[in-house]
*Asks:* 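Before we start, here is the structure in question, set down as structure tokens.
Whatever order the structure lists them in is the order used to number ligands and atoms, beginning at 1.
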Amino acid sequence: EKGGWPSFMAKEVAEQPDAVANTIRGRIQGDAVVIPELDGLDELFIGINRVIITACGTASYAALVGKYAIEQWARVPVDVELAHEFRYRDPVIGDDTLVVSISQSGETMDTLMAVKYARERGARTLSVCNTQGATIPRESDAVVYTHAGPEVAVASTKAFSAQITALLLLGLHMGRVRGTLTSAVASDAVAELQSLPEKVAQVLAEETEHVSQLAGWMADTRSVLFLGRHVGFPIALEGALKLKEISYIHAEGFAAGELKHGPIALIEPGQPVFVIVPSPRHSSLVHSKVVSNIQEIRARGARVIVVAEEGDAAVLPYADEVIRIPLTGALFEPLLAVVPLQIFAMALATAKGLDVDQPRNLAKSVTVE
Ligand code: M6R
């Protein structure tokens, strides 16, 4: 039950520190990530030449974050494929391919069919799933469960955070097994993982009221854009999807670098744009590119709302609103940056008097193709 929360979504957003902590639990040994369920698969991880991650909707955005993490840590090429596109062409897959599926419910028909298709073509399959014993994990060679607990609201929130957490763990596990991870990188990542639940809680504590107020002021907005670079890009996509789903406002997420290839034509005075700003500590180049994207849209009158690391002062001259997230590693930022976007969508839908748990036309689990 809702336990005093106004909606299941509000409860599930607030449960994210636990979803992340529970997904990590039992999967760290000393300074290394060891996922016990993947015992005995070392040869598989060493032998593969390619990973395909397949999923739908929010899970496909977690997949994009997973691509960056697995490529960086395990040095194997990763493609992300929407499950419903994957099997209607003739993808190049074989026994050197690992197909990772991601599904909260484990029952999404499009994703299930993609897994079956991959198996029939000789690929090895691993599922990341939030529901014990669901169909997709039963149809897969291996499973890494996310431990977000039951998710009731149609809009996925805590399951998304748990999926990203599981994919970070998978990347670190694979990197260790493949010998592509230095022990210094591994132990930094482990320390970072362990501090994440508290940092997610900090974002919830410090930004919920601010972001909800912002949403209240924007209840008449007709369109919102979201921009991100690197792992901020999937978060921009997720921020836009949350808003579409529950507030019925037109929203689009873009890779910030795409702006000048088209979307910048949409910017007119007053257009709200969220920008996920990567930390300058990880790459001053990536950070400065995003800051110049912000300058470009600001010069055209956009109302700029940035999600930026604490202490990042470079964004201040160009931002109408600044939402702060704590310092973390580059690949971990999505777990913090997504939280204010979830709160924003939820508060905007609430301000419009909508049912955030049961948006129109949508089902929690899409069991038809
Ligand atoms: O149960 P699944 O993770 O397989 O569901 C996939 C999508 O249908 C799901 O993430 C959908 O996009 C959500 N409504 C997003 O909030």
*Asks:* State the atoms of ligand 1, each with its element, that fall below the 4.0 Å cut-off from a heavy-atom position in G57.
*Replies:* 12 (O)
*Asks:* Find all atoms of ligand 1 within a distance of less than 4.0 Å from any non-hydrogen atom belonging to S103, and give their numbers and elements.
*Replies:* 1 (O), 2 (P), 3 (O), 4 (O)
*Asks:* Is there a side-chain contact between I276 and L341, using heavy atoms and a 4.5 Å cut-off?
*Replies:* yes
*Asks:* Tell me, which protein residue and heavy-atom name are nearest atom 5 (O) of ligand 1, and how many Å apart are they?
*Replies:* T108 OG1, 3.5 Å
*Asks:* Could you tell me whether a side-chain N or O of H84 sits under 3.5 Å from a main-chain N or O of M109, the two making a donor and an acceptor?
*Replies:* no
*Asks:* Please could you name the atoms of ligand 1 that V154 approaches to less than 4.0 Å, counting only its heavy atoms?
*Replies:* 13 (C), 14 (N), 16 (O)
*Asks:* So is S365 touching ligand 1 or not, going by heavy atoms under 4.0 Å?
*Replies:* no
*Asks:* Give me the residue, atom name and distance of the protein heavy atom closest to atom 3 (O) of ligand 1.
*Replies:* Q104 N, 2.6 Å
*Asks:* Heavy-atom contacts with S156 under 4.0 Å: which atoms of ligand 1 show up? List them by number with element.
*Replies:* 15 (C), 16 (O)
*Asks:* In terms of residue, atom name and distance, what is the protein heavy atom nearest to atom 1 (O) of ligand 1?
*Replies:* S105 OG, 2.7 Å
*Asks:* If we ignore angles and hydrogens, is there a donor and acceptor under 3.5 Å between the side chains of Q163 and T146?
*Replies:* no
*Asks:* Look at E151 together with K158 and state whether they make a salt bridge at an N to O cut-off of under 4.0 Å.
*Replies:* no
*Asks:* For atom 6 (C) of ligand 1, find the nearest protein heavy atom and state the residue, atom name and distance (0.1 Å precision).
*Replies:* C56 O, 3.4 Å
*Asks:* Starting from atom 11 (C) of ligand 1, what is the nearest protein heavy atom, named by residue and atom, and what distance separates them?
*Replies:* T58 N, 4.2 Å
*Asks:* Among pairs that include at least one residue of residues 170-205, which meet ring-ring contact (aromatic ring centres under 6.0 Å, His included), considering only residues two or more places apart or in two chains?
*Replies:* F45-H173
*Asks:* Is the closest heavy-atom distance from K242 to ligand 1 below 4.0 Å?
*Replies:* yes
*Asks:* Please report the interatomic distance OH(Y318) to CD1(I297), rounded to the nearest 0.5 Å.
*Replies:* 12.5 Å
*Asks:* If we only count heavy atoms from C-beta on, is the R324 to E207 side-chain gap below 4.5 Å?
*Replies:* yes
*Asks:* Taking non-hydrogen atoms only, is E245 closer than 4.0 angstrom to ligand 1 via side chain, backbone, both or neither?
*Replies:* side chain
*Asks:* Tell me: protein heavy atom nearest atom 8 (O) of ligand 1, and distance?
*Replies:* V366 CG2, 4.1 Å
*Asks:* Among H282, E192, E333, find the residue that satisfies the side chain to side chain donor-acceptor pair (under 3.5 Å) test when tested with T328.
*Replies:* E192
*Asks:* With sequence neighbours excluded, what pairs up with Y145 under the ring pair (Phe, Tyr, Trp, His ring centres under 6.0 Å) test?
*Replies:* none
*Asks:* Which atoms from ligand 1 have a heavy atom of A155 less than 4.0 Å away?
*Replies:* 16 (O)
